[in-house]
Amino acid sequence: MKKEKKALDKGYDPKLVEEKWLEEWVKTKIFDPTFDPQKKPFSIVIPPPNVTGSLHIGHALNNTIQDVIARYKRMDGYDVLWIPGTDHAGIATQNVVERELAKEGYTRHQLGREKFLERVWQWKERYGQTIIKQLQRLGASCSWSYLRFTMDEGLSRAVREVFCRLFEEGLIYRGDYIINWCPRCETALADLEVEFEPKAGKLWYLIYPLVDGSGEIVVATTRPETMLGDTAVAVNPQDERYKNFIGKLVKLPLLGREIPVIGDLSVDPEFGTGAVKVTPAHDFADYEIAKRHGLPFLKVIDEKGRMTKEAGPYQGLDRFSARERVLEDLQAQGYLLKEEDYELVLGHCYRCGTVIEPLLSKQWFVRMKPLAQPAIAAVEYDFIKFYPENWKNLYFDWMRNIRDWCISRQIWWGHRIPIWYCQDCGKIMASREEEFSQCLECGSTNLKQEEDVLDTWFSSALWPFSTMGWPEKTDLLQRFYPTSVLVTSFDIIFFWVARMIMMGLHFMGAIPFAKVYIHALVRDEKGQKMSKSKGNVIDPLEMIEKYGTDALRFTLIALAAQGRDIKLSTSRIEGFKHFLNKLWNVSRFVLLNLEDFRGTRLNDYTWKGLALFSKWILAELDNTIGAVRKFLDEYEFDQAALRAYHFLWDTFCDWYVEIAKLYLQEEKLREQTQAILLHVLETTIKLLHPFIPFITEEIWHNLPKRAGKFLLNTSYPVVEGYSLSEDEKTLVNSIIEIIKAIRYIKSEYKLTSQRDLKVIFRTPDEGLLSNLKEKGKIITYLAKIDQIEFCKEKERKKGEVSLILNTGEVYVDLTKEINLEKEKERLLKEKQKIEEKLAQIEKKLKNRDFLERAPQEIVKKEKQTYQEYRERLAKIQRFLEDL
RNA sequence: GGGCGGAUAGCUCAGGGGGAGAGCAUCGGCCUUACAAGCCGGGGGUCAGAGGUUCAAAUCCUCUUCCGCCCACCA
């Protein structure tokens, strides 16, 4: 016999509980894999948050979902590895540190590369643990011994290896291309890193006179300052208006250069004047035109967004002031025809919001087409499955139109591109080693490493295998690659998911994960993405502080329906906090009633020997376990959580526990009821543990006779196959509906405190009748009345209140005078409802098509319902007469 | 310009071809062997609009309106 624990405190206080278990879990390393050969492996890699970041609500959702999966799988017998880690987040982190420096009055250039990187590393050391601590606070059951960082030595080696192999395979090349440039961060950006926003702007019409004086051509532009870099004017060759202009020269206003008029099919005759100025070095479309026609590229804006010497008198001006000046001068010299309001879409840097400048520059690219092909096939053939499925369309769309990936960045924080240039012979070499001393071609030691670093997503793309020690052949890779599932949100399907699939297939020869679960974005109440700059963030840490981690987790999970965004509100969190309190208190109740419990188990009793409602609750529990498991397996986490929620509250607390109070008083039933209470509570707690780990762990440790050190070490509940016979089901339903009916009558007639009512239940079902007679006590106890009579036939009596149920009728003699008018009103209202319903069914039953075409069970059911309602109507009629 | 998703109770949202659901809010009544963060009972919805498919539509299809996302080199 186990000495009983002292009862739980009244009211659940997460603060007292969460910290304690957190410490225990992390300390004992229960989240690390065991490598037990008996167990099947299951692995997840975390989407690594920014190393200097702070937990936001999106992380909270993302990691809660992963945690639910990880805990469920662990309890279900898998050997789970969940690799945690952080991302160095190149530009973002560099910007943060630069801002710090700015406060001290420095720029990174003043500090120099080496010193600057030291600062960033310092920053990383100081704040790098923050996000990890916060993830732990969230209860994330990551395998903390395997913590990784994208710039760890191991991961950096993987980056170099991948770069070199791609370079050797000819999949990485360097070239002059027009790219997106952020003049503030002073770096190139990939297409994906540019965000477009519509903005009110103007369309200016500029006059370009023909050199031969035979006329002029008017072009429309949104960026007049780029005219300084024009090297042609393009028209559509099929445009009759301009046919004769092609081949002629126009004089560029302000600068006086002579440039040709060319014909190009990409020009839309409908837009503007049908003539386009061509600025090859500062516009993507113009760049393409220029390549087709062999036009010169004239760079008039530099890396800082200032006009170059090519811009003549405008040299040194910022690009926006240059626009003003150019317009003034054009106006003054009569080259500005008119201006119109025009809404344009401007690209902005996704990290700092600065307007992007398309710029011609030398960058490194990855050839994507050859990598994309197998990655498309992997999803087409369902080797990788998306949940919900429709996200794969988005994936296909992007992958099939993929363009080469610009991977070089002109910042300092990141993986420096492992390319070395021989200063003597010009040889370009890729090196797996960090240092490289001698030219392979000429033996010169005069080598210079590439200044640029890699796009931060380059290392992220390797995450599933670089974290497991690749390129070494490690045990980790052997056992846990490919990973089982990737949990992420749709906004990084291109940035990350697609690239991991490509790299995984290319370097591991295997998919990086079998399933991709795409969860919702958590938005604000207006449906907008939360962001610091908009000031509409809900801080998960604040919520945790206020409501507790479990409440936040449960809320996020319960709201995370597949394929739909979450609009979070604090009232929901509050509601679910109440649920935790309920769980806490019912546990308290069970424990308080276990004082004399001898510790029998369910197996000590025969099914036949159990009380009716004990069998019932076991059957209900069984249904719940089945449903929760099914929902978890299908990644319908909200449904799983809500199913368990309703079982605990509506079924267990509201019915079984109340009935158990009665059973506990009966000597014969007391002990088995204790065993059932404990069993159901313990099972429910296991069921709920993946969602709300802290409170369940705390409760579990207060239960007697538990096995294992932590709840996580127990096994997830399985369906046992308990079910009631048909007679038992009828009996249970009857009891419940009788109780509800009496409660309703008492409430309607304001008799809630009156016990001495004469209540009669009549049913024609003799079997039910005899069964019910033994259960009168449950009814009187829960309905709070002194007694109830059961009968098969009943005299009609004036002044009784009566309710029709599925299994019979309840009559209440209110003894005092009742408001007959009110009862009449109620009955008439019910009568009307029934009549409406009957009319509806009648219409169906008269419809030959329905009778012939609808499934027979449906027809049968309708007929049955029709009969039942006819009977009801007759009864109501009688009740009305009896009033 | 393409593509995707949404419109269901006062609010926030589930559901999804055969009797409209939850949480919060609201109204009435309760300190009952845990829980007032609770218990018992009630009210409240032409499931955006129109058409179609079907014996049967909130649910499937089409269109319309509004909202939100993603993609796209119309200067």
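Numbers restart at 1 for each chain; the letters A, B, ... are given by sequence-line order, proteins then strands. All values reported here derive from a predicted model rather than from experimental measurement.
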So which protein nitrogen or oxygen atoms get under 3.5 Å of nucleotides 34-36 of chain B's nitrogens or oxygens?
| residue | atom | partner | partner atom | Å |
| --- | --- | --- | --- | --- |
| A34(B) | O3' | Arg588(A) | NH1 | 3.2 |
| A34(B) | O2' | Asn585(A) | OD1 | 3.0 |
| A34(B) | O2' | Arg588(A) | NH1 | 2.8 |
| A34(B) | N7 | Lys661(A) | NZ | 3.3 |
| A34(B) | N6 | Glu658(A) | OE2 | 3.2 |
| A34(B) | N3 | Asn585(A) | O | 3.2 |
| A34(B) | N3 | Val586(A) | N | 3.3 |
| C35(B) | OP1 | Lys10(A) | NZ | 3.3 |
| C35(B) | O4' | Asn585(A) | OD1 | 3.0 |
| C35(B) | O4' | Asn585(A) | ND2 | 3.4 |
| C35(B) | O2' | Asn581(A) | ND2 | 3.2 |
| C35(B) | O2' | Asn585(A) | ND2 | 3.4 |
| C35(B) | O2 | Lys582(A) | NZ | 2.8 |
| C35(B) | N3 | Lys582(A) | NZ | 3.0 |

Ring centroid separation for Phe576(A) and Tyr547(A), is it under 6.0 angstrom? no
What is the separation between atom CD on Glu748(A) and atom C1' on G42(B), rounded to the nearest whole Å? 6 Å
If the cut-off is 4.0 Å, is Tyr749(A) near the phosphate of G41(B), judged by side-chain N/O to OP1 or OP2? no
Answer with yes or no after comparing the ring centroid distance for Phe245(A) and Tyr242(A) against a 6.0 Å cut-off, counting only values under it. yes
Strand RNA chain B in bracket notation, Watson-Crick/G-U under 3.5 Å with | for pairs to another chain: (((((((..((((....[..)))).(((((.......))))).....(((((..]....))))))))))))....
By side chain to side chain contact (heavy atoms under 4.5 Å, CB included), Ala290(A) pairs with (sequence neighbours left out) Pro280(A), Leu295(A), Phe297(A)
Counting any heavy atom closer than 4.0 Å, what does Ile858(A) reach on the DNA or RNA strands: base, sugar-phosphate only, or nothing? base
Indicate yes or no: does Arg223(A) engage Asp283(A) in a salt bridge with an N to O separation below 4.0 Å. no
Listed partners of Lys860(A) passing side chain to side chain contact (heavy atoms under 4.5 Å, CB included), at least two apart: none
Would you please name every residue forming a side chain to side chain donor-acceptor pair (under 3.5 Å) with Arg323(A), sequence neighbours left out? Glu225(A)
Starting from C1' on C73(B), measure out to CZ on Arg223(A) and report it in whole angstrom. 13 Å
Output yes when Lys833(A) and Glu830(A) qualify as a salt bridge under the 4.0 Å nitrogen-oxygen rule, no when they do not. no
Which of Ile685(A), Leu580(A), Val17(A) passes side chain to side chain contact (heavy atoms under 4.5 Å, CB included) with Ile695(A)? Answer is Leu580(A)
Looking at Pro269(A) and Arg241(A), what are the two nearest heavy atoms and their distance? O-NH2, 3.1 Å
Do Phe579(A) and Phe554(A) have ring centres separated by under 6.0 Å? yes
Could you list the protein-to-nucleotides 22-26 of chain B atom pairs, N/O on both sides, closer than 3.5 Å?
none

So Gln754(A) and Lys784(A), do their side chains get closer than 4.5 Å, heavy atoms only? no
Assign Phe554(A) to base, sugar-phosphate, or nothing according to its heavy-atom contacts below 4.0 angstrom with the strands shown. nothing
Just how far, in rounded Å, is C1' of C74(B) from CG of Asp264(A)? 13 Å
